[in-house]
Amino acid sequence: MAVQSWSDLLKASKKTALIHDGKRKIHYLFTDGKEMAEEYDLTTDELIVRKWRSKSTLKGQGPWEIEVGELVQSTVACLESDVIKENCSNPVFMRKDTKTSFLWRVRNLPYPKEVYNISVEPDQRCCIIRTNNKKYYKKFNVPDLDRSQLPLDSSALSFTHANNTLIVSYKKPKEILTLEHELLREVKKLKGTNEGDVDCKTQ
């Protein structure tokens, strides 16, 4: 029922499509004023970016919050590059999905694979990354499962480690695969423009 509800919200949203720089960009405006922006690779149809924005309680729009993909460094951040260089060795947590799995990457973690313990906490509806040397701890949820009110399954979780990067994978349940397939089919029907930028008003 919840899956259908999220599906209905997506169908009821106002959608705008744009084809630009090898990407299909979709902007969703929901009835409650929330916005979602997605970018898909035109060749592979893989989701590259998903971000959300809510109406500010004061005025105008709030900032974009990245759900999938990596935050692009802003002009201000570029000017503060010295600060960034100082923190370049800190762990960087980001999500980058595949068609069949939710995928999280944590860069700058040099410890061997046996140091990590990744668990599912069903009661808290989250996953937790721990290290037995107590050098890193991260609690994160899976918004896609929350929106569809689907349970977390520990057997769907796996991880690997290579090149100082921890990669945590969660196999997508069939309900999510079906929903994403239907959404992509609808998105491809949208008449996309090659001019302008659907995100231009968000910059």
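Start at 1 with the first residue, then count along the sequence.
For Lys96 (side chain) and Glu70 (main-chain N/O), no donor-acceptor pair under 3.5 Å exists by modelled atom type. In this structure, Tyr28 contributes its side chain and Lys34 its backbone to no donor-acceptor pair below 3.5 Å. For Asp41 (side chain) and Thr43 (main-chain N/O), a donor-acceptor pair under 3.5 Å exists by modelled atom type. At distances below 3.5 Å, at least one donor-acceptor pair connects side-chain atoms of Thr44 with backbone N or O atoms of Glu46. Using modelled atom types, no side-chain atom of Lys51 and backbone atom of Gly69 make a donor-acceptor pair closer than 3.5 Å.
Both Ile176 and Val168 belong to a common hydrophobic cluster when Ile, Leu, Val, Met, Phe, Trp and Tyr are linked at side-chain heavy-atom distances under 4.5 angstrom. A continuous path of Ile, Leu, Val, Met, Phe, Trp and Tyr side chains, each step under 4.5 Å between heavy atoms, connects Phe159 with Tyr111, placing both in one hydrophobic cluster.
Under the 3.5 Å distance criterion, with hydrogens and angles disregarded, no donor-acceptor pair is assigned to the side chains of Asn163 and Thr165.
Checked for salt-bridge contact, Asp153 and Lys171 miss the test: no charged N lies under 4.0 Å from a carboxylate O. Salt bridge present: Lys172 and Glu180 bring a charged side-chain N and a carboxylate O closer than 4.0 Å.
The closest side-chain heavy-atom distance from His27 to Leu18 is not below 4.5 Å. Residues Tyr40 and Asp45 have side chains not in contact (no heavy-atom distance under 4.5 Å, counting atoms from C-beta outward). Side-chain atoms of Lys138 and Val106, non-hydrogen and from C-beta on, never get closer than 4.5 Å to each other.
For Tyr136, the side chain to side chain donor-acceptor pair (under 3.5 Å) criterion is met by no residue, not counting sequence neighbours.
Between Phe102 and Trp104, the ring-plane angle classifies as tilted under the 30° and 60° cut-offs. Note: Phe93 and Phe140 have tilted aromatic rings, judged against thresholds of 30 and 60 degrees for the angle between ring planes.
Between the OG atom in Ser158 and the CG atom in Leu103 there is a gap of 8.5 Å [rounded to 0.5 Å]. Residue Ile128 holds its CD1 atom at 4.0 Å from CD of Glu121, rounded to the nearest 0.5 Å.
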